[in-house]
Undergrad: 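First the structure, which I've put down as structure tokens, then a few questions once you've had a look.
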Amino acid sequence: MTLAKIPLYDHRQDGLIGLVRKRPEAAGAVMDAVLSGMGPTGRIVRPALARADRMAERWLRRAGDPYLDEILAVRAAVGRPGPVAFSLSYEFGCTTRVFDGAPPTLFRTLDWPFRGLGERVEIVHLRGPAGDWTTATWPGVVGVVHGVAPGRFAAALNQAPERRSGLGRPVDWLSGKRRFWRSRGLPPTHLLRRVLETCPDYESACEVLATAPLAAPAIFTLAGTERGQAVTIERTETAMASLARPAAANAFSEIEAPRRWRPRGIDSDGRLAQICALDVAPAHDAIAPPILNALTRLAVTMTPAGQLSVTGFDGPARTTETQTARLPGLMPEA
């Protein structure tokens, strides 16, 4: 099998919307991959996307989301419904840890049920008020699940576990969505992007991620530029716990009686135990189960000094070469 090469793009002047305007067909292909990955549900969802967009737009306006105009511009560029609703999508698994060093290294895998995302990933160099930053993402995606800000910090987002209502998983899911629609905080992926754009250092990033209003529970892990600068922050809409152990999967360790929460993804406890047992960040071709599993789509390694390495997966099989971006500096377009 021929492995794809992950492209690198410099969009510091026109941002993530520039990525979409340059190649709107790629953003459409990402949405199609997500819908196809839903199976029969995707065929039901597709005709409802226009209505879902309208509902999502109302929520974003009510919440004062700073990326609403950009999200609407993505929809205009793609020329079809879906980008507004997809901008609030928050359904994935992750395994994350910071390995101490000078500087520390942040390693994470991203698990998603949607096939084809690993080979479509792109590395994009961006700029915000606090300086340059880089992420591995997909055209049309406005939120951020991981990124590195050279000379400042690296950060990653894990989805939090699901609240247990005691009435079964369908009720748990509906209850979580109801809480989200009543919230006025930022979606976790939008908050992490805001931090990468605006926070000048590790300390300020920790403060914002620990205290900013949040629309849904989340787990953030950060690595600073100096040895010992590493933390995992567990958040709900109203509570926070800061863990000295900078590692996470998709379960809470301390916040709000963890037994009241259902872990997400495949073997969350096993993934956390495995990543905590390692002495160094694993090479992307040496990741073992359960961290590597049927839903794995990306492996990402970042250092706050300005290096980001990415490999795409389709479950346990690699779909791309490992691409490494070294920053600061211009990245050539592929």
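It should be emphasised that the depicted structure is a prediction, and the values quoted were computed from it without experimental measurement.
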Undergrad: With a 4.5 Å heavy-atom cut-off, do Phe313 and Arg297 have their side chains touching?
TA: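 Counting from C-beta outward, Phe313 and Arg297 never come under 4.5 Å.
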Undergrad: Could you see if Val121 belongs to whatever hydrophobic cluster contains Val142? Use Ile, Leu, Val, Met, Phe, Trp, Tyr and a side-chain cutoff under 4.5 Å.
TA: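 Hydrophobic grouping puts Val121 with Val142.
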Undergrad: Working to the nearest 0.5 Å, report the span between OG of Ser253 and CD1 of Ile219.
TA: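 Reported to 0.5 Å precision, the distance equals 7.5 Å.
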Undergrad: Is Ile287 linked to Ile266 within one hydrophobic cluster, defined over Ile, Leu, Val, Met, Phe, Trp and Tyr using a side-chain heavy-atom separation of less than 4.5 Å?
TA: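 Ile287 and Ile266: separate clusters.
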Undergrad: Check Ala247 against Cys276 and note the closest heavy-atom contact, atom names and distance.
TA: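 Residues Ala247 and Cys276, closest heavy atoms: CB-SG, 3.8 Å.
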Undergrad: Where do Glu207 and Glu203 land on the side-chain contact (heavy atoms from CB on, under 4.5 Å) test, with the steps shown first?
TA: CA-CA 6 Å; Glu207 175 68 18; Glu203 289 81 8; over 6 Å; no
Undergrad: How long is the gap from CZ on Phe220 to CD1 on Ile233, to the nearest 0.5 Å?
TA: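 Answer rounded to 0.5 Å: 8.0 Å.
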Undergrad: Checking side chain to side chain donor-acceptor pair (under 3.5 Å) between Thr96 and each of Asn158, Thr221, Asn250, which is the one that passes?
TA: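 Option passing the side chain to side chain donor-acceptor pair (under 3.5 Å) with Thr96: Asn158.
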Undergrad: Would you confirm whether Asp100, through its side chain, and Gly228, through its main-chain N or O, come within 3.5 Å as a donor-acceptor pair?
TA: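 Yes: the side chain of Asp100 pairs with the backbone of Gly228.
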Undergrad: Taking Tyr202 for its side chain and Ala230 for its backbone only, find out whether a donor-acceptor pair lies under 3.5 Å.
TA: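 Such a contact is found between Tyr202 side chain and Ala230 backbone.
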Undergrad: Would you mind checking if Arg163 and Glu237 are paired as a salt bridge, meaning a charged N to carboxylate O distance below 4.0 Å?
TA: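 A salt bridge is present here (some side-chain N lies under 4.0 Å from a carboxylate O).
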Undergrad: Between Phe153 and Val195, what is the shortest heavy-atom contact and its length?
TA: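 For Phe153 and Val195, the tightest heavy-atom pair comes out as CZ-O, 3.5 Å.
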Undergrad: Are there more than 12 heavy atoms of other residues, nucleotides or ligands under 6.0 Å from atom CD of Gln13?
TA: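 Open.
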Undergrad: Do Asp314 and Glu119 come close enough that some side-chain heavy atom pair is under 4.5 Å?
TA: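 Asp314 vs Glu119: side chains apart.
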Undergrad: Ignoring hydrogens and geometry, is there a side-chain-to-backbone donor-acceptor pair from Ser204 to Asp201 under 3.5 Å?
TA: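 Present.
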Undergrad: Answer yes or no: is there a donor N or O on one side and an acceptor on the other, between the side chain of Arg108 and the main chain of Ala155, under 3.5 Å?
TA: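 No; zero donor-acceptor contacts below 3.5 Å.
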Undergrad: Among Thr135, Thr134, Asp14, whose side-chain contact (heavy atoms from CB on, under 4.5 Å) with Leu126 holds?
TA: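 Single side-chain contact (heavy atoms from CB on, under 4.5 Å) partner of Leu126 among Thr135, Thr134, Asp14: Thr135.
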Undergrad: Do Leu16 and Tyr67 come close enough that some side-chain heavy atom pair is under 4.5 Å?
TA: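 They are not in side-chain contact.
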Undergrad: Tell me the closest heavy-atom pair linking Leu60 and Ser87, and the distance in Å.
TA: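 Closest approach of Leu60 to Ser87: CD1-OG, 4.0 Å.
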Undergrad: State whether the side chain of Thr198 and the backbone N or O of Arg194 hold a donor-acceptor pair below 3.5 Å, judged by distance alone.
TA: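 Such a contact is found between Thr198 side chain and Arg194 backbone.
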Undergrad: Do His11 and Arg21 have side-chain heavy atoms sitting under 4.5 Å apart?
TA: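 No, their side chains stay 4.5 Å or more apart.
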Undergrad: Sub-3.5 Å donor-acceptor pair from the side chain of Glu234 to the main-chain atoms of Glu254, do we have one?
TA: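 Yes; judged by distance alone, with no hydrogens or angles, the pair exists.
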Undergrad: Other residues, nucleotides and ligands only: do more than 12 of their heavy atoms fall within 6.0 Å of CZ on Arg51?
TA: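 No, not enclosed.
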Undergrad: When you compare the side chain of Leu191 with that of Val208, does any pair of heavy atoms fall below 4.5 Å?
TA: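 Of all side-chain heavy-atom pairs linking Leu191 with Val208, at least one is under 4.5 Å.
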Undergrad: Decide yes or no on side-chain contact (heavy atoms from CB on, under 4.5 Å) for Arg23 and Glu25, but give the supporting numbers first.
TA: CA-CA 5 Å; Arg23 293 163 37 258; Glu25 71 287 348; 3.5 Å; yes
Undergrad: So, Asp32 and Arg120, do they make that salt bridge, N to O below 4.0 Å?
TA: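 Salt bridge: no.
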Undergrad: Given the rule that I, L, V, M, F, W and Y join up when any side-chain heavy atoms are under 4.5 Å apart, are Val30 and Leu8 in one cluster?
TA: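 Looking at the clustering, Leu8 is in the same group as Val30.
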Undergrad: Is any side-chain heavy atom of Leu110 less than 4.5 Å from a side-chain heavy atom of Leu117?
TA: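 Side-chain contact under 4.5 Å: no.
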Undergrad: Does the side-chain contact (heavy atoms from CB on, under 4.5 Å) test come out yes or no for Trp112 and Val34, once each step is laid out?
TA: CA-CA 9 Å; Trp112 243 329; Val34 171; over 6 Å; no
Undergrad: To the closest 0.5 Å, what do you measure between CG (Leu49) and CZ (Arg54)?
TA: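 Atom-to-atom, Leu49:CG and Arg54:CZ are 11.0 Å apart.
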Undergrad: So how far is it from Thr95 OG1 to Leu272 CG, rounded to the nearest 0.5 Å?
TA: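 Between Thr95 OG1 and Leu272 CG, I get 8.0 Å after rounding to 0.5 Å.
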Undergrad: Taking the side chain as everything from C-beta on, heavy atoms only, tell me whether Asp285 gets closer than 4.5 Å to Arg318.
TA: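 A side-chain contact exists here, since the closest heavy-atom pair is under 4.5 Å.
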Undergrad: Any side-chain heavy atom of Val141 sitting closer than 4.5 Å to one from Phe86?
TA: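 Not touching, per the 4.5 Å side-chain cut-off.
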Undergrad: I'd like to know if the side chain of Thr322 reaches the main chain of Thr311, judged simply by a donor and an acceptor atom lying under 3.5 Å from each other, with no hydrogens or angles considered.
TA: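 Checked: no pair found.
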Undergrad: Between Thr301 and His284, is the side-chain contact (heavy atoms from CB on, under 4.5 Å) condition met? List the steps.
TA: CA-CA 9 Å; Thr301 302; His284 293 184; 2.8 Å; yes
Undergrad: Linking I/L/V/M/F/W/Y whenever their side-chain heavy atoms sit closer than 4.5 Å, directly or via other members, would Leu186 and Leu72 fall into one cluster?
TA: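 Same cluster.
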Undergrad: Atom CZ in Arg97, atom OG1 in Thr109: separation rounded to 0.5 Å?
TA: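 The CZ atom of Arg97 sits 13.5 Å away from the OG1 atom of Thr109.
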Undergrad: Can you name the nearest heavy-atom pair linking Cys94 to Arg271, along with the distance?
TA: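 Answer, listing the atom of Cys94 first, then Arg271: O-NH1, 2.6 Å.
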Undergrad: Under the side-chain hydrogen bond (donor to acceptor under 3.5 Å, both in side chains) rule, what do Asp111 and Asn293 come out as? Steps first, then yes or no, please.
TA: CA-CA 8 Å; Asp111 299 343; Asn293 60 68; 3.0 Å; yes
Undergrad: Within the supplied structure, the quantity of interest is the number of heavy atoms (other residues, nucleotides, ligands) at a distance under 6.0 Å from Arg127 CZ; does it exceed 12?
TA: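 Atom CZ in Arg127 is crowded, with more than 12 foreign heavy atoms closer than 6.0 Å.
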Undergrad: Between Ala136 and Val310, what is the shortest heavy-atom contact and its length?
TA: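 Shortest heavy-atom contact: CB-CG2, 3.7 Å.
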Undergrad: Report yes or no: does Gln307 contribute a side-chain atom to a donor-acceptor pair with the main-chain N or O of Thr303 at less than 3.5 Å?
TA: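 No, because the side chain of Gln307 does not come within donor-acceptor range (under 3.5 Å) of the backbone of Thr303.
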Undergrad: Under 3.5 Å, is there a donor-acceptor pair between the side chain of Arg264 and the main chain of Ala160?
TA: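 Answer holds: yes.
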Undergrad: Kindly compute the distance separating OG (Ser309) from CZ (Phe107), expressed to the nearest 0.5 Å.
TA: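 Those atoms lie 11.0 Å apart.
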Undergrad: Grab the two heavy atoms, one from Ala85 and one from Asp53, that are nearest each other, plus how far apart they are.
TA: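 Result for this residue pair: N-OD1, 2.8 Å.
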Undergrad: Group every Ile, Leu, Val, Met, Phe, Trp and Tyr by side-chain heavy-atom contacts under 4.5 Å, then state whether Leu298 and Ile275 land in the same group.
TA: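 Cluster IDs for Leu298 and Ile275 differ.
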